[in-house]
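Down below is the structure, laid out as structure tokens.
Convention: sequence-line order gives letters A, B, ...; per-chain numbering from 1. Source: prediction; values computed, not measured.
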Number of protein chains: 2
Amino acid sequence: MFNDDPVFKALADSSRRFLLDLLFKRDGQTLSELEAELAMTRFGVMKHLRVLERAGLVVTRREGREKLHFLNAVPIRLIHDRWIDKYTERHVAALVDLKASLESQKCNPSKKTA
Amino acid sequence: MFNDDPVFKALADSSRRFLLDLLFKRDGQTLSELEAELAMTRFGVMKHLRVLERAGLVVTRREGREKLHFLNAVPIRLIHDRWIDKYTERHVAALVDLKASLESQKCNPSKKTA
DNA sequence: ACTATAGGTGACCATTTGGTCACCTGTCAA
DNA sequence: TTGACAGGTGACCAAATGGTCACCTATAGT
């Protein structure tokens, strides 16, 4: 209906988010390396990487017959900045930290922290 | 394939992102108010708001026969924290600021800035 | 009570999307 | 140059998604 931002489309799929997780843990992996981590054929992984690359979430570099994949976090930051302004950022970050703190302590599981 | 996080599914649609933009500009709007801004029937808007609410991106409160909608930015912050750690945050934020600065100056329009 | 208004449900249809396959291109090493 | 390996393209199919409609519930005000 409006412009269909490729970044959000790319992030909509859990396999693609998992690929970003893999690159977040270790940058510069090849298609074959990534394929080994997904219960999916090489073609499926390639398609997903293509979507991520077009969205700018993954940047690639040819190295001989290999293609190395790198995570680019800038689009993620832009999502953040779209709905979290400088004034509420401190507030929201504090809420997130509080939630993480409560969950790590598990001191009172009955209390809702939403 | 993995867990299908409702937050990313919710953000995948441009109409829903536009609804978040509307609530970001002014919190606490009703369905009818939001519907007036979208070239879509009331039912479509309702469906989208339902998706956003289930994802926790929108929180609602009944006020008589009206339902007020509020933006909740916490899930957005969690997306940010998933792929941007404390160490690279400064670096990425600097890149974003630089990009915004260059675009506001419009000193080199021929350059593609994705 | 009655009527107008705000909101809600389920079914339905056109389009998009995730995943696979057969087949093709390019690079390394003997 | 020959073969093995890393990567790429287009078509194809099943499943999910966006949007609409007929119909229903609940609140405000007269």
Quick check for you: among [options], whose closest atom lies nearest to any side-chain atom of [X]?
| X | options | value |
| --- | --- | --- |
| B/Phe43 | D/dT9, C/dG7, D/dC21 | D/dC21 |
| A/Arg65 | D/dG19, C/dG7, D/dA4 | D/dA4 |
| A/Met46 | D/dG19, D/dG8, C/dT9 | D/dG8 |

Please work out if [X] contacts a base, only the sugar-phosphate, or nothing of the nucleic acid, heavy-atom cut-off 4.0 Å.
| X | answer |
| --- | --- |
| B/Arg42 | base |
| A/Gly64 | sugar-phosphate |
| A/Lys9 | sugar-phosphate |

Are OP1 or OP2 of [N] and a side-chain N or O of [X] less than 4.0 angstrom apart?
| X | N | answer |
| --- | --- | --- |
| B/Lys47 | D/dT20 | no |
| A/Thr41 | C/dT20 | yes |
| A/His48 | C/dT17 | no |
| A/Ser32 | D/dG7 | yes |

> Please walk me through it: do B/Trp83 and A/Leu11 pass side chain to side chain contact (heavy atoms under 4.5 Å, CB included)?
Replying inline: CA-CA 12 Å; B/Trp83 291 297; A/Leu11 290 175; 4.0 Å; yes
> Considering residues, nucleotides and ligands other than A/Arg90, do more than 12 of their heavy atoms fall under 6.0 Å from its CZ?
Replying inline: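 No.
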>> I'd like to know whether B/Leu38 forms a side chain to side chain contact (heavy atoms under 4.5 Å, CB included) with B/Leu22, so could you lay out the CA-CA distance, the side-chain angles of the two residues, the decisive distance to 0.1 Å, and finally the verdict.
In response: CA-CA 10 Å; B/Leu38 282 260; B/Leu22 291 175; 4.0 Å; yes
